[in-house]
Every structure is written in C-alpha cells, then in structure tokens.
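All residue numbers refer to positions in the sequence shown, counting from 1. Note that these values count all heavy atoms, side chains included, but never hydrogens, waters or copies made by symmetry.
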Amino acid sequence: MSFLKNNGYEYYDLKEQLQYTQLEEDLEELKQEFTTLPIDSYAKELNRYRRYARAVIIPGTGEVQWLPSVETEEGEMYKYFQGSFNPEYTNAARDFPAISEKIRANKLLNDIVMFDYRQTFWREEDMLLPVHAGIHFVKLEVEDEGDMAVSSPNHLHQDGEPFTFAHLVHRQNVEGGLNAIGVPEVAGDVPEDVDDSKLLKQMTLTEPLESYGVFDPMVSHYVAPVTKGKKEKKGQRSMILIDFQPTVCPDPDEISAQLKKSNLVFAK
C-alpha cells in the first residue's frame with residue numbers, strides 16, 4: 001500500500017533505499033555541483049542559487065533519458081514552465097542554467113530520479129508515452145547575520161506538476177527550512193496562519209538524502225526561509241527537487257481534475 005497515494009505525501013530516507021558501494025562518492029560529487037550554482041537570475045536578492053535539467057522516462061525501460069539543453073548567449077540552458085501555479089511567474093517560461101553533463105551521468109542522481117518515478121501512479125493512457133521529469137538543483141545560502149534565503153513561492157502552494165519530490169543533499173549552519181504539507185485549500189497561506197487541522201505534516205530535513213514526495217492534486221506544500229546559524233561559516237541548504245508530468249500536457253488545472261476522478265495505476 002502506498003502512503004503517497006492514500007495521503008498525498010510521503011517521507012523517505014534514500015540512504016536506506018539506495019544502498020550501493022559508491023553511494024558516498026556519488027553523493028559528494030552531487031554536493032560539489034552545488035558549489036557551481038549561479039545566483040537565481042529571477043530573484044537575485046533572495047540568496048537563492050539554481051541549475052536545472054529535463055529528462056524523460058519511457059515506461060518499462062527503467063532508464064532516465066536526458067533531454068538536450070539549449071545553447072544561448074548566457075550559456076547552456078533549460079526552460080521551465082509552471083502555468084498558473086506560481087503566482088510570482090504566472091504563465092511565464094523561465095530559463096535556468098543547465099545541470100552539468102557530468103552530473104547528469106551521476107549514478108546516484110539517476111537512481112534518485114528512477115526511485116521517485118517508481119513511486120508515481122498514472123492513468124493507463126499516460127503510460128503510453130514518455131513521462132517527463134524536471135530536475136532542479138536549488139541552494140539557499142546565507143553569508144551574514146541577518147541574511148535570509150527564500151524559496152519560491154514563499155507560502156503553501158501547489159506546483160501544477162502531478163508529482164514533486166524533494167531530496168536534501170547538504171545542510172550546514174542554517175536555521176529554519178521547515179517543510180510543511182497542508183490541504184489544498186490553504187495554498188497561498190503560511191503555516192503559522194493555518195489551523196493545525198489543515199496541516200498534514202511538518203518536518204525539517206537535516207541529514208543527506210532525507211526526502212519527501214507530494215501528489216499535487218491532494219496537498220499543498222511549503223519550505224520556510226533559512227537564516228545563518230551560530231557558526232562563522234556560510235549557511236547552506238542544498239536540495240534536489242524532481243517533478244513529473246505526462247507527455248500530453250493540457251492546462252495543469254485540467255490534469256489535476258482528471259487525476260482526481262480517474263482510476264490510477266502505479267508506474268512500471
């Protein structure tokens with residue numbers, strides 16, 4: 001029985017789920033990629049850094065196939081679009097610098113993508129074509145006392161993609177970063193303004209590869225800003241976020257409506 005399917009969210013410890021000999025070395029390689037993240041050009045004042053890539057999974061193959069990036073004057077880029085679900089960028093496509101080709105070949109990253117994919121469930125017709133995955137590397141970094149790093153959007157929200165998974169890679173010298181999961185009706189609010197009965201889960205990820213997933217039609221979710229901790233070094237919170245959606249992609253509201261009323265089957 002799937003807790004995610006029944007409740008709209010689930011917690012995972014991928015260090016337990018994805019054990020193999022070179023895991024720590026591959027995790028360190030992922031961690032190093034976060035040192036190369038450029039500032040998020042859409043929110044330069046919010047101390048947020050990011051890279052992005054797109055991939056597809058052909059049902060039944062068990063493999064991640066990375067889509068090509070686009071070379072622009074600013075460098076290697078991928079586009080990202082959330083339709084109406086992010087009020088800060090409504091119906092706007094954003095260009096994000098690409099995750100490096102070396103990291104796209106990292107075994108742990110590919111295993112994480114496939115682990116997440118195998119938790120998802122779809123209509124049978126959705127499994128006739130590739131499922132699309134968006135892979136975000138996002139770092140919140142604070143250097144000075146009083147600095148604050150903020151995710152987007154900074155309130156409980158839904159993403160528009162049917163599934164989103166979040167994986168902690170590295171956390172040091174930060175305070176905050178609480179994750180909250182609530183009912184859809186509280187999207188647009190912050191947890192402190194929401195009745196406890198409408199918050200399904202609150203947790204703070206602290207260890208590498210602590211993770212959670214959400215089924216977007218059933219829940220809203222949020223991560224609180226982070227501030228610098230008491231040590232002298234920078235505060236950092238590095239996350240891999242992975243979203244999934246079917247190839248045939250009408251308006252996100254229509255996808256959610258169809259998922260809510262359809263008989264769903266697990267990914268193969």
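- Leu67 and Ile99 fall into different hydrophobic clusters, where Ile, Leu, Val, Met, Phe, Trp and Tyr residues are linked whenever their side-chain heavy atoms come under 4.5 Å apart, directly or through other members.
- Panel note: side chain Thr247, backbone Pro130; a donor-acceptor pair is recorded below 3.5 Å.
- Note that OG1 of Thr35 is 6.5 Å distant from NZ of Lys139, once rounded to the nearest 0.5 Å.
- In summary, Arg123 and Asp126 engage in a salt bridge, as defined by a charged side-chain N under 4.0 Å from a carboxylate O.
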Quick one: do Leu168 and Arg237 satisfy side chain to side chain contact (heavy atoms under 4.5 Å, CB included)? Show the steps, please. CA-CA 8 Å; Leu168 180 68; Arg237 182 181 184 271; 4.2 Å; yes
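- By the 4.5 Å heavy-atom criterion applied to side chains, Gln65 and Ile58 are counted as neighbours.
- Between Lys107 atom NZ and Glu25 atom CD the span is 12.5 Å, to the nearest 0.5 Å.
- Atom CD of Glu124 has 12 or fewer neighbouring heavy atoms from other residues, nucleotides or ligands inside a 6.0 Å radius.
- Relative orientation of the Phe96 and Tyr42 rings is perpendicular, given thresholds of 30° and 60° on the angle between their planes.
- In this structure, the ring of Tyr12 has its center no less than 6.0 angstrom from the ring center of Tyr212.
- There is a side-chain donor-acceptor pair under 3.5 Å between Tyr20 and Asp26.
- Between Val142 and Ala149, the shortest heavy-atom contact is CG1-N, 3.6 Å.
- Between Met218 and Pro184, the shortest heavy-atom contact is O-CD, 3.2 Å.
- At a threshold of 4.5 Å between non-hydrogen side-chain atoms, the residues Lys201 and Asn7 do not count as touching.
- Residues Asn110 and Trp66 have side chains in contact (heavy-atom distance under 4.5 Å, counting atoms from C-beta outward).
- Hydrophobic cluster membership is shared by Leu264 and Tyr9, with clusters built from Ile, Leu, Val, Met, Phe, Trp and Tyr side chains linked at under 4.5 angstrom.
- Going from atom CD of Gln19 over to atom CG of Asp111 covers 12.5 Å, rounded to the nearest 0.5 Å.
- Residues Leu140 and Val150 are not in side-chain contact: their nearest non-hydrogen atoms beyond the backbone lie 4.5 Å or more apart.
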His167 and Ile242: side chain to side chain contact (heavy atoms under 4.5 Å, CB included), yes or no, with the steps? CA-CA 8 Å; His167 308 279; Ile242 303 175; 4.2 Å; yes
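- Note that Arg54 lies outside the cation-pi zone of Tyr78, set by a 6.0 Å cut-off to the ring centre and a 45° limit from the axis.
- Here the straight-line distance linking atom CD of Gln22 with atom CD of Glu29 works out to 11.0 Å at 0.5 Å rounding.
- Atom CD of Glu101 has 12 or fewer heavy atoms from other residues, nucleotides or ligands within 6.0 Å.
- More than 12 non-hydrogen atoms from other residues, nucleotides or ligands lie less than 6.0 angstrom from CG of Asp144.
- Environment of CE in Met148: sparse, with no more than 12 heavy atoms of neighbouring residues, nucleotides or ligands closer than 6.0 Å.
- No donor-acceptor pair under 3.5 Å is formed between the side chain of Ser211 and the backbone N or O of Asp13.
- Hydrophobic cluster membership is shared by Val183 and Val214, with clusters built from Ile, Leu, Val, Met, Phe, Trp and Tyr side chains linked at under 4.5 angstrom.
- For the pair Ser69 and Ala98, the tightest heavy-atom approach, listed with the atom from each and the gap, is CB-CB, 4.3 Å.
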Let me see the working for Leu18 and Leu209 under side chain to side chain contact (heavy atoms under 4.5 Å, CB included), right down to the final yes or no. CA-CA 10 Å; Leu18 303 177; Leu209 299 184; 5.8 Å; no
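- Remark: Glu33 does not engage Lys102 in a salt bridge, criterion side-chain N to carboxylate O under 4.0 Å.
- Aromatic pair Phe163/Phe121: ring centres closer than 6.0 Å.
- Under a hydrophobic-cluster definition in which Ile, Leu, Val, Met, Phe, Trp and Tyr are linked whenever side-chain heavy atoms come within less than 4.5 Å, directly or via other members, Phe244 and Phe215 are assigned to the same cluster.
- Rounding to the nearest 0.5 Å places NZ of Lys228 at 10.5 Å from CD of Gln172.
- A distance of 6.0 Å or more separates the ring centres of Phe165 and Phe115.
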Please test Thr120 against Val131 for side chain to side chain contact (heavy atoms under 4.5 Å, CB included), starting from the C-alpha separation and ending with a verdict. CA-CA 10 Å; Thr120 65; Val131 173; 5.8 Å; no
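- Atoms OH and CD, on Tyr222 and Gln202 in that order, are 10.0 Å from each other to the nearest 0.5 Å.
- Within a 6.0 Å radius of CG in Asn263, other residues, nucleotides and ligands contribute 12 heavy atoms or fewer.
- Checked for salt-bridge contact, Glu10 and Lys5 miss the test: no charged N lies under 4.0 Å from a carboxylate O.
- Within a 6.0 Å sphere centred on CD of Glu232, heavy atoms belonging to other residues, nucleotides or ligands number 12 at most.
- At a cut-off of 3.5 Å, with distance as the only test, a side-chain donor of Arg51 or Thr36 sits close to an acceptor on the other residue.
- For the pair His155/His157, a side-chain contact is recorded, criterion being any heavy-atom separation below 4.5 Å from C-beta on.
- Of all heavy-atom pairs spanning Ala133 and Val113, the tightest one is CB-CG1, 4.5 Å.
- Heavy-atom neighbours of Glu145 CD from other residues, nucleotides or ligands within 6.0 Å: at or below the threshold of 12.
- No donor-acceptor pair under 3.5 Å is formed between the side chain of Asp159 and the backbone N or O of Glu161.
- Between the side chain of Asn173 and the backbone N or O of Lys230 there is at least one donor-acceptor pair closer than 3.5 Å.
- Taking the six-membered ring for Trp and the full ring otherwise, Tyr49 and Phe34 have centroids separated by 6.0 Å or more.
- Using a 4.5 Å cut-off on side-chain heavy atoms (C-beta onward), Thr72 and Asp95 make no contact.
- Taking every heavy atom of both residues into account, Glu210 and Tyr11 meet most closely at OE2-OH, 2.7 Å.
- Each of Leu156 and Leu178 belongs to its own hydrophobic cluster when Ile, Leu, Val, Met, Phe, Trp and Tyr are linked at side-chain heavy-atom distances under 4.5 angstrom.
- By the 4.5 Å heavy-atom criterion applied to side chains, Leu37 and Glu141 are not counted as neighbours.
- Of all heavy-atom pairs spanning Pro208 and Leu27, the tightest one is CB-CD2, 3.9 Å.
- Put simply, the side chain of Leu46 does not reach to within 4.5 Å of the side chain of Asp40, judged on heavy atoms.
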